[in-house]
Student: 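Structure provided below as structure tokens; questions to follow.
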Amino acid sequence: MAYWLMKSEPDAYSIDDLERDGREPWDGIRNYQARNMMRDDMRIGDEVLFYHSSCKIPAVVGIARVASEPYPDPTQFDPDEKYYDAKSDPDDPRWILVDVEFVRKLDRPVTLTEIKEHPGLDDMILTRRGNRLSIMPVEKAHRDIILGLE
DNA sequence: GCCAACGTTGGC
DNA sequence: GCCAACGTTGGC
């Protein structure tokens, strides 16, 4: 089983929203690297660290799991959608997503500050300079440390 | 609101 | 294929 971190702006979609919905298609990803990971590398049951970004206290706030095989992101074909992509061919969809499922909230958020301060988490992709990926792989050792901090 | 970093686009 | 311009991300 692999481990992932997925960012979401809590104003747009928070861990509480996922808890309420139970399950959610991870739509709107328009970055090829992130798409490739969902399309090629994620497996049902993989664990996801749910991270709040672009907010007051950026932090890992919960755990989710990959809940579907990859499939085309429907929002790319809907002209009324923010994430509409006129250049995506329905016969060869450009954007692929997976569903994610709520598992639990952390007992308390593990903040970006703590992650940066922890020596064992030095080489996490999350804190790498210039990293802008909204989906990234997480090593088990790093995941274990983070869950040890909650 | 600023700005660094980086991806994407499009002209040539 | 190069590269300047532009857009986006996301922490601060």
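Numbers restart at 1 for each chain; the letters A, B, ... are given by sequence-line order, proteins then strands.
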Student: Indicate yes or no: at least one non-hydrogen side-chain atom of A/R30 is less than 4.5 angstrom from one of A/Y83.
Tutor: yes

Student: Hey, is A/R94 close enough to A/D85 for a salt bridge, meaning N to O under 4.0 Å?
Tutor: yes

Student: Ring centroids only, cut at 6.0 angstrom: are A/W95 and A/Y71 within range, meaning strictly under it?
Tutor: no

Student: For A/I44, I'd like to know if atom CD1 has over 12 heavy atoms of other residues, nucleotides or ligands within 6.0 Å.
Tutor: yes

Student: Each nucleotide in nucleotides 7-12 of chain C should get exactly one letter: B, S or -. Can you fill that in based on protein heavy atoms under 4.0 Å?
Tutor: BBBBSS

Student: Below 4.0 angstrom, which residues in residues 85-93 of chain A have at least one non-hydrogen atom near DNA chain C?
Tutor: none

Student: On DNA chain B, compare the nucleotides closest to A/R94 and A/G130; which residue's is nearer the 5' end?
Tutor: A/G130

Student: Got a salt bridge between A/R43 and A/D46, using NZ or NE/NH1/NH2 to carboxylate O under 4.0 Å?
Tutor: no

Student: Would you say A/R35's side chain and A/I29's backbone share a donor-acceptor pair under 3.5 angstrom?
Tutor: no

Student: Give the cluster check for A/I146 versus A/I125: same hydrophobic cluster or not, with ILVMFWY residues linked at side-chain heavy-atom distances below 4.5 Å.
Tutor: yes

Student: Salt-bridged, A/E150 to A/R104, with N to O below 4.0 Å?
Tutor: yes

